[in-house]
Amino acid sequence: MKQPSRAVHAGRDLKARSPLAPDLSPAAVHVYTDLDDYDAVAKGERPGHYYGRNSNSNREMLEKAVAELEGAEAGLATASGMAALHTAMLALAPRPVTIVATRELYGGTLALLRQDFEPAGYEINFVDVNDLEAVRRAVPAAGLVLAETITNPLCAVPDLEAIAAMARERGVPFLVDNTFASPILCRPLDLGATMVMHSVTKFIGGHSDLVAGVVAGDAKTIGAARSRSVRTGTTLSPFDAWLALRGLRTLDVRMRRHSDNSLALAGAMQKMAGVVRVHHPLLESSPSYAVAKRLLPEGAGGMMAFDLAGGRDAVQRMMSRFQLVTFAASLGGVETTISYPEITSHRSLTPQERADLGVTPGTVRVSVGIEDAADIVADFAHALAS
Ligand SMILES: Cc1ncc(COP(=O)(O)O)c(C=O)c1O
């Protein structure tokens, strides 16, 4: 099966009289009439569910679907993308090690590394994603390598294939946050990564109406991640799993429209008033252009960013003139939204740290939706016109 068909069918096993759309099962607990039967289900020897924190049919369907799309043996759905990241990191590196992480990361990930992992004894070595020699020097001392397929917010594309080869050569696990690309546009496990995670809140869910995460990888590591997630209670609610699976069914068509629209907007934006720089991996001016062409041949998804002259005041002026676009501190929904990393995704960084990453007071991140491309371009052109 190809990815578009997998997106529609993955994770379910239809039989005669099965509901075509899955039933929602909010039950916290299932009843049993036989102690041996309960024991066998609890041990995982027989299929079934017994307690909602351990497993649930809606969560299981989502896990299977994402695992299939990512080409993984198994998946684990969690209460948020951050829970997925935390659980995946601890499954791959349960004891303090040096984590080599790309310097450009989602601000929440940076906060997790600094405020939770560093105090627990992990060391973090941040490297520039575009400097493969720096990665090569850092990997031998690492116990885990962490990267995003497309970085947040400036949309650089690390050479995941090269990084995976370096990590593999040294036996170091490599975890990829594939939130921005989704498994439709990139399958990091095929490129050699050990594990992949998503904020399902974004493109997989796709409708800005749920918070969820998922991890996919080999059955043994996912088993360890699942046990920890059950112990710490980070499992996903049935309703959010049900909604996420409903979103996932249209992921392929949405990602293709997001990709076309973001490239159209990025191209048009280069000529708009006040725009100093446009960040999109498939613009020829992007430092990631060659890598993106190779790793994201079918499109780079809906994320892009731009730097506006005039900083925060200019951003506010643009916002107040939008007729279609809205400000929202998330991404990946069907509607076009902007975010202002200085006070949203990257607020936990100091101004100097943001400047070092290239995030300026004029940097705006755009999650380009699936509306008509001309309408999106026109709204930005109108909002930025002098
Ligand atoms: C790339 C990336 N990873 C992880 C997360 C965290 O996901 P969640 O908000 O679902 O916990 C986000 C959220 O913005 C993100 O953009």
Side-chain angles (χ1 to χ4, degrees), residues 59 62 66 70 75-89 99 101-117 129 146-158 160 175-183 185-186 188 193 195-216 229 232-237 240-241 243-244 247-248 255 258 262 279 281 296 300-305 327-333 337-349 357 359 363-368:
R59 203 184 300 142
L62 175 67
V66 176
E70 286 289 3
L76 168 74
T78 56
S80 67
M82 291 315 297
L85 182 68
H86 182 239
T87 309
M89 287 173 68
I99 300 172
T102 53
R103 206 164 53 109
E104 280 183 57
L105 285 171
Y106 166 56
T109 303
L110 286 178
L112 182 77
L113 290 172
R114 286 186 175 153
Q115 290 166 37
D116 297 278
F117 280 83
V129 294
L146 173 65
E148 293 173 359
T149 318
I150 303 170
T151 66
N152 186 347
L154 298 182
C155 299
V157 179
L160 297 184
L175 172 63
V176 176
D177 181 338
N178 198 25
T179 299
F180 276 22
S182 91
L185 301 176
C186 182
M195 243 177 152
V196 57
M197 57 73 48
H198 289 269
S199 168
V200 171
T201 317
K202 317 299 181 195
F203 290 101
I204 292 181
H207 296 75
S208 307
D209 54 7
L210 63 95
V211 173
V214 73
V215 186
S229 180
T232 54
T234 60
T235 43
L236 178 62
S237 86
D240 281 352
L243 275 177
L248 184 141
M255 289 316 290
H258 283 300
S262 77
H279 308 269
L296 304 168
M303 300 309 298
M304 56 167 286
F327 172 92
S330 188
L331 61 105
T337 56
I338 61 152
S339 165
Y340 185 51
E342 183 166 294
I343 61 161
T344 57
S345 55
H346 289 66
R347 69 175 302 141
S348 69
L349 278 68
L357 285 179
V359 176
T363 301
V364 176
R365 190 187 73 188
V366 191
S367 174
V368 185

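Order of appearance sets the numbers: ligands from 1, and atoms from 1 within every ligand.
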Partners passing side-chain contact (heavy atoms from CB on, under 4.5 Å) against Ala300 (at least two apart in sequence or in another chain)
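With sequence neighbours excluded, Ala300 shows a side-chain contact (heavy atoms from CB on, under 4.5 Å) to His280, Pro281, Leu282, Leu296, given in chain and number order.
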
Residue contacts for ligand 1, heavy atom to ligand atom, distance under 4.0 Å:
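The answer is Ser80, Gly81, Met82, Tyr106, Asn152, Asp177, Thr179, Phe180, Ser199, Thr201, Lys202, Ala212, Leu331, counting any residue whose heavy atom sits under 4.0 Å from ligand 1.
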
Do Thr337 and Ser330 have side-chain heavy atoms sitting under 4.5 Å apart?
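Not in contact.
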
How about Leu357 and His346: do any of their side-chain heavy atoms sit closer than 4.5 Å?
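Answer yes - side chains close enough.
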
Matching residue for Leu243 among Leu62, Val200, Leu210, Leu248 - test: side chain to side chain contact (heavy atoms under 4.5 Å, CB included):
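Of the listed residues Leu62, Val200, Leu210, Leu248, the side chain to side chain contact (heavy atoms under 4.5 Å, CB included) partner of Leu243 is Leu210.
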
Please tabulate, for the side chains in residues 101-113, all donor-acceptor contacts under 3.5 angstrom to protein atoms that are two or more places apart in sequence or on a different chain.
residue, atom, partner, partner atom, Å
Arg103, NH1, Asp356, O, 3.1
Glu104, OE1, Thr151, OG1, 2.7

What residues form a salt bridge (charged side-chain N to carboxylate O under 4.0 Å, His left out) with Arg114, not counting sequence neighbours?
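Per chain and number, Arg114 pairs via salt bridge (charged side-chain N to carboxylate O under 4.0 Å, His left out) with Glu353.
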
